[in-house]
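Each remark here refers to the structure printed beneath this line.
Each chain gets a letter, A, B and so on, in the order its sequence line appears, and its residues count up from 1.
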Number of protein chains: 2
Amino acid sequence: MAKRAHSVQRREESLSRERIVEASIQLLDSSGEEGLTFRALSERLSTGPGAIYWHIANKSDLLTAACDAVVARTINETIVARTPEATIRAVALGLFDVIDEHPWVGSALTSVPGLSPIVRILERIGQQIRALGVPEEQQWAAVGALMAYILGVSRQNAANGQLARTRGLDRADFLDAVSTAWSQLDPKEYPFARSVAGKIRDHDDRVDFLAGIDLILRGIGSPRRRLRP
Amino acid sequence: MAKRAHSVQRREESLSRERIVEASIQLLDSSGEEGLTFRALSERLSTGPGAIYWHIANKSDLLTAACDAVVARTINETIVARTPEATIRAVALGLFDVIDEHPWVGSALTSVPGLSPIVRILERIGQQIRALGVPEEQQWAAVGALMAYILGVSRQNAANGQLARTRGLDRADFLDAVSTAWSQLDPKEYPFARSVAGKIRDHDDRVDFLAGIDLILRGIGSPRRRLRP
DNA sequence: CGTTATTGTGGAATGACATTCCATTTATGT
DNA sequence: ACATAAATGGAATGTCATTCCACAATAACG
């Protein structure tokens, strides 16, 4: 389908994969993951569901395409910093922020492993790990850990944000709720949870996120004590 | 609803939250996340959907309950090992394996943060971090990083397994597909992905997972060089 | 310039799903 | 026995992704 080998647009205001993906991104951003329905999409594009299916295989395909478009933008925009560590931090923070802004990206990333968006990220981080001088047999573990951490935390962070929004709480109220819930746990069974309950209330997710990145980077550099030249 | 203050079961073979949750777990395990429908559930329990709604608020509630049940089992079963690091590894591996066996647990964990299953895990790991002598102001970062890593990787691993099963590939074929896809990427744009493509083919997910855990543990112990007494 | 394939469109139809409603049935306290 | 509350199960509702198909616009060819 859609073989337009050497042909121009068939109709002036015609449908196209790009137009559909763009509309999907807008829909996802404004109404969240559940806001992307074929009904809403066809209304926005003033057409029928059938026409959309001519350009796109199914909803999952659509989600992947939207996800790829957004990730590709960020990964390419991220500025290259001075040191490999700084670059990794920048890439990580960039992803954290995109996923925070487009929470649906988090969920979509899991579904198609080994493909576009994931590979882009892998490549970017992998090059920095190489630049750090990590021996080749340890590179895979290092990149794997970083990616899992970055995607895992960003995703969870985005999910929390969405949950709070859904329940009509703002961030402060939400954290307050969690904090009080934890501090009311049984002191014998949950001493640790109680002890950190207070810290939850006014923590900065981005700071915590970066702290974790540094932790992993330190672990990567640690055995050879080679973190900085 | 369901106030049974000082009453016994009303009917012999009656419905109950537990029976419903148990059936849901079986259904989820046998037919995956999409296999849990109220239709299938009411058939298995030989009742109607309405009866189920008397005991359970909605599907999300049901999923959370099932998730909690499974996680609680594992967390409590996990043996306490000699050192805190070993215990953390054991807990981590335990979770990795449960999520691998019940892939739906991974997805369900994200949806209700700050509540039961998450807190159980947090507590368990937190206690070990304390035992490691990590200063209190760094405990939150350490536990957060570990949890994000454990849940993130386990989840992705389970998702991969499911994806492979859905597409009717076995693990080897799947890895092979990814590996060849990566090795056919543009060498200029994707040098790193190409370089690790080969390693993908015969790697052990559990080993990689533990390598990441060790990386983080090393990072936690590193600044004070206190990993082992 | 007209005819015919091909490529695209959009609306109606299908079947699965979560959830709600409500007329009944069952147990418990009086 | 009888009243009341707890439970039940099946039918009804509305939304969703996806498929189907009659049709329109374009290109390809004579």
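- Rounded to an integer number of Å, the gap from B:Ile52 CD1 to C:dC17 C1' is 14 Å.
- Shown here are the side-chain contact (heavy atoms from CB on, under 4.5 Å) partners of A:Lys199, two or more places apart in sequence or in another chain: B:Glu136.
- For the pair B:Glu43 CD and C:dC17 P, the interatomic distance rounds to 10 Å; values are reported in whole Å.
- Remark on DNA chain D: of its neighbouring residues A:Ala51 and A:Arg39, the 5'-side contact belongs to A:Arg39, judged by nearest-heavy-atom nucleotide.
- For B:Trp54, whose side chain is taken as the heavy atoms from C-beta onward, the closest listed nucleotide among D:dC16, C:dT7, D:dA7 is D:dA7.
- Under a 4.0 Å N-O distance rule, the pair A:Arg206/A:Asp97 qualifies as a salt bridge.
- Between A:Leu36 atom CG and D:dT18 atom C1' there is a gap of 14 Å when expressed in whole angstrom units.
- Between B:Asp100 and B:Arg155, no side-chain nitrogen of the basic residue sits less than 4.0 Å from a carboxylate oxygen of the acidic one, so the salt-bridge criterion is not met.
- Minimum atom distance to the side chain of A:Pro49 is reached by C:dG11, of the listed C:dG10, D:dG10, C:dG11.
- Residue B:His55 places none of its side-chain N or O atoms closer than 4.0 Å to OP1 or OP2 of D:dA6.
- Residues B:Ser46 and A:Asn58 each lie close to DNA chain D; by heavy-atom proximity, the contact nearer the 5' end of the strand is made by B:Ser46.
- Rounded to whole Å, the distance from CD on B:Glu34 to P on C:dA18 is 11 Å.
- B:Phe38 has its CZ atom 12 Å from the C1' atom of C:dT20, to the nearest Å.
- In this structure, B:Tyr53 atom OH and D:dA7 atom C1' are separated by 17 Å, rounded to whole Å.
- Rounded to an integer number of Å, the gap from B:Lys59 NZ to C:dT20 C1' is 17 Å.
- The aromatic rings of A:His203 and B:Trp140 stand perpendicular to each other, their planes meeting at an angle above 60°, with 30° marking the opposite boundary.
- Going from atom CG of B:Asp61 over to atom P of C:dA18 covers 14 Å, rounded to whole Å.
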